[in-house]
Number of protein chains: 2
Amino acid sequence: MLVEDTLAHTLAQRGYKLTQPRRAVLKVLAAAGATLTPAEIHRRARSHCLHTGLVTVYRTLDLLTACGAIRKVHHADGCHAYALASGGHAHHVICECCQSVVEFDNCDLGTLLAAVQRRTGYQISGHWLELFGLCPNCRP
Amino acid sequence: MLVEDTLAHTLAQRGYKLTQPRRAVLKVLAAAGATLTPAEIHRRARSHCLHTGLVTVYRTLDLLTACGAIRKVHHADGCHAYALASGGHAHHVICECCQSVVEFDNCDLGTLLAAVQRRTGYQISGHWLELFGLCPNCRP
DNA sequence: GCCCACATTGAAAACGGTTTTCAGTTAGGA
DNA sequence: TCCTAACTGAAAACCGTTTTCAATGTGGGC
Ligand SMILES: [Mn+2]
Ligand SMILES: [Mn+2]
Ligand SMILES: [Zn+2]
Ligand SMILES: [Zn+2]
């Protein structure tokens with residue numbers, strides 16, 4: 001199934017309406033293999049649905065985040081972007097050059113977490129990991 | 001040496017002046033074993049130097065960040081806070097209850113990074129890790 | 001200790017991303 | 001097709017952060 005349809009299904013399944021502006025946002029997210037800011041998503045969405053408002057972009061992103069279909073990533077410069085997330089616990093590797101993003105889920109932090117837990121006394125219940133580097137296309 | 005003096009020395013060494021408002025910010029950072037938002041730092045700093053402006057708080061945080069003496073942490077709710085950083089590569093464990101924070105530097109991600117690099121083709125050059133949990137004081 | 005150049009300060013305004021408001025529109029079940 | 005609750009977008013509000021600029025304070029030189 002196409003990524004766009006998967007996203008659409010995710011929303012429909014929970015009783016959300018599939019409006020034109022929402023579909024435009026889904027199309028943009030499905031097509032982009034990179035992290036996108038709300039502003040960029042808005043710019044692209046308008047090529048699919050002319051009068052899509054930025055507000056609707058934010059609302060759709062909130063919806064999809066709540067469903068676990070996308071995830072907010074924090075860039076070093078402070079601005080926030082979104083990337084597709086295929087459900088469940090996972091992390092992203094982001095290309096510092098073109099922002100392309102790949103998800104990975106084999107985050108084997110067990111040993112590390114145990115060591116930190118022992119050394120700090122903190123009972124660790126969650127973690128947050130982002131990797132940065134260069135994608136195959138952007139290597140020198 | 002006291003943490004406050006270490007911070008003061010860090011600034012003085014680079015030719016920055018040790019003004020009253022700056023000292024107030026250093027005192028707050030040195031005393032807090034937790035992550036603090038700029039607004040909270042501002043609030044506390046005024047008990048040391050009455051007319052400290054929020055602008056000066058931001059400027060001092062920028063200075064200390066550039067020196068590597070503190071680090072910005074990204075909270076899940078989107079708002080940003082600062083924590084002391086003892087120089088060099090390290091990460092933080094943050095208590096989800098009281099925001100207390102402890103630094104750790106034995107981040108042994110070599111195996112994980114190699115695996116991700118092999119599976120994704122990305123040449124990984126940096127990472128960003130935050131751990132969340134409960135500190136000894138906040139455990140049930 | 002005093003002076004002075006210049007780094008630093010804070011009030012106010014600007015800024016940019018995000019959220020709220022609200023009257024009009026639309027999807028989709030009956 | 002009709003109806004209603006969900007949804008939309010323009011505008012304004014909001015909030016954390018940065019810029020501006022005239023006034024002030026620091027610390028080195030004397
Ligand atoms: Mn952030
Ligand atoms: Mn590390
Ligand atoms: Zn790339
Ligand atoms: Zn705690």
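In what follows, every chain begins at residue 1, and chains take the letters A, B, ... in the order their sequences are listed.
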Side-chain donor-acceptor pairs of residues 72-90 of chain A under 3.5 Å, sequence neighbours excluded:
residue	atom	partner	partner atom	Å
A:H74	ND1	A:H80	NE2	3.2
A:H74	ND1	B:H74	ND1	3.1
A:H75	NE2	A:T35	OG1	3.4
A:D77	OD1	A:C79	N	2.9
A:S86	OG	A:E103	OE1	2.6
A:H89	NE2	A:H91	NE2	3.0
A:H89	NE2	A:H127	NE2	3.1

Can you give me every donor-acceptor pair (side chain of residues 49-68 of chain B, partner residue at least two apart or in another chain, under 3.5 Å) with its distance?
residue	atom	partner	partner atom	Å
B:T52	OG1	B:C49	O	2.6
B:T60	OG1	B:T56	O	2.8
B:T65	OG1	B:L61	O	2.7

Donor-acceptor pairs under 3.5 Å, side chain of residues 18-29 of chain B to any protein atom, not counting sequence neighbours: which ones?
residue	atom	partner	partner atom	Å
B:T19	OG1	B:R22	N	3.4
B:R22	NH1	B:K17	O	2.9
B:K27	NZ	B:E4	OE2	3.4

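Using a 4.0 Å cut-off on heavy atoms, none of the residues of residues 36-47 of chain A approach DNA chain D. Within residues 65-78 of chain A, no residue has any heavy atom closer than 4.0 Å to DNA chain D. Within residues 48-58 of chain A, the residues that place at least one heavy atom under 4.0 Å from DNA chain D are, in residue-number order, A:H51, A:T52, A:G53, A:V55, A:T56. Residues of residues 5-20 of chain A having a heavy atom closer than 4.0 Å to DNA chain D, listed by number: A:Y16, A:K17, A:T19.
Distance CG (B:L63) to C1' (C:dT8): 11 Å, rounded to an integer number of Å. Residue A:H80 contributes atom NE2, which lies 11 Å from atom P of C:dT19 at whole-angstrom precision.
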(request) Please step through side chain to side chain contact (heavy atoms under 4.5 Å, CB included) for the pair A:L112 and B:L129, ending with a clear verdict. (result) CA-CA 11 Å; A:L112 172 67; B:L129 174 66; 3.7 Å; yes

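Remark: A:A115 engages A:R118, B:N106 in a side-chain contact (heavy atoms from CB on, under 4.5 Å) (not counting sequence neighbours). Applying the side-chain contact (heavy atoms from CB on, under 4.5 Å) test to A:R139 and every residue at least two apart in sequence or in another chain returns A:L134, B:Q123.
Shortest non-hydrogen contact noted between A:L7 and A:A69 is CD2-CB, 3.8 Å. In this structure, B:C98 and B:C95 approach most closely via the heavy-atom pair N-SG, 3.4 Å. The two residues A:C135 and A:S100 make their nearest non-hydrogen contact at CB-OG, 3.5 Å. B:E40 and B:R44 make their closest contact through OE2-NE, 2.6 Å (heavy atoms, listed as atom of the first residue, atom of the second, distance).
Using a 4.5 Å heavy-atom threshold, the side chains of B:Y122 and A:V102 count as touching. Annotation: side chain of B:V116 is in contact with side chain of A:V93 (closest heavy-atom distance under 4.5 Å).
Within the 4.0 Å cut-off from OP1 or OP2 of C:dT18, not a single side-chain nitrogen or oxygen of A:R59 is found.
In the hydrophobic cluster analysis, where Ile, Leu, Val, Met, Phe, Trp and Tyr join through side-chain heavy atoms closer than 4.5 angstrom, B:I41 is grouped together with B:Y16. Hydrophobic clustering places A:I70 together with A:V3 (ILVMFWY residues linked when any side-chain heavy atoms are closer than 4.5 Å, directly or through intermediates).
Of the inter-residue distances, the one linking B:I94 atom CD1 with A:I124 atom CD1 reads 11.5 Å to the nearest 0.5 angstrom. Residue A:T120 holds its OG1 atom at 8.5 Å from CG of B:L131, rounded to the nearest 0.5 Å. Here A:H42 contributes atom NE2 and A:L36 contributes atom CG; the two are 13.5 Å apart, rounded to the nearest 0.5 Å.
End-to-end axis angle for the helix from C:dG1-D:dC30 to C:dA30-D:dT1, using five pairs per end and rounding to 10°, comes out at 30°.
Under a 4.5 Å side-chain heavy-atom cut-off, the cluster of Ile, Leu, Val, Met, Phe, Trp and Tyr residues that includes A:L2 has no other member.
A nucleotide of DNA chain D counts as in contact with chain B when one of its atoms lies under 4.0 Å from a heavy atom; the first and last such, 5' to 3', are D:dG16 to D:dG27.
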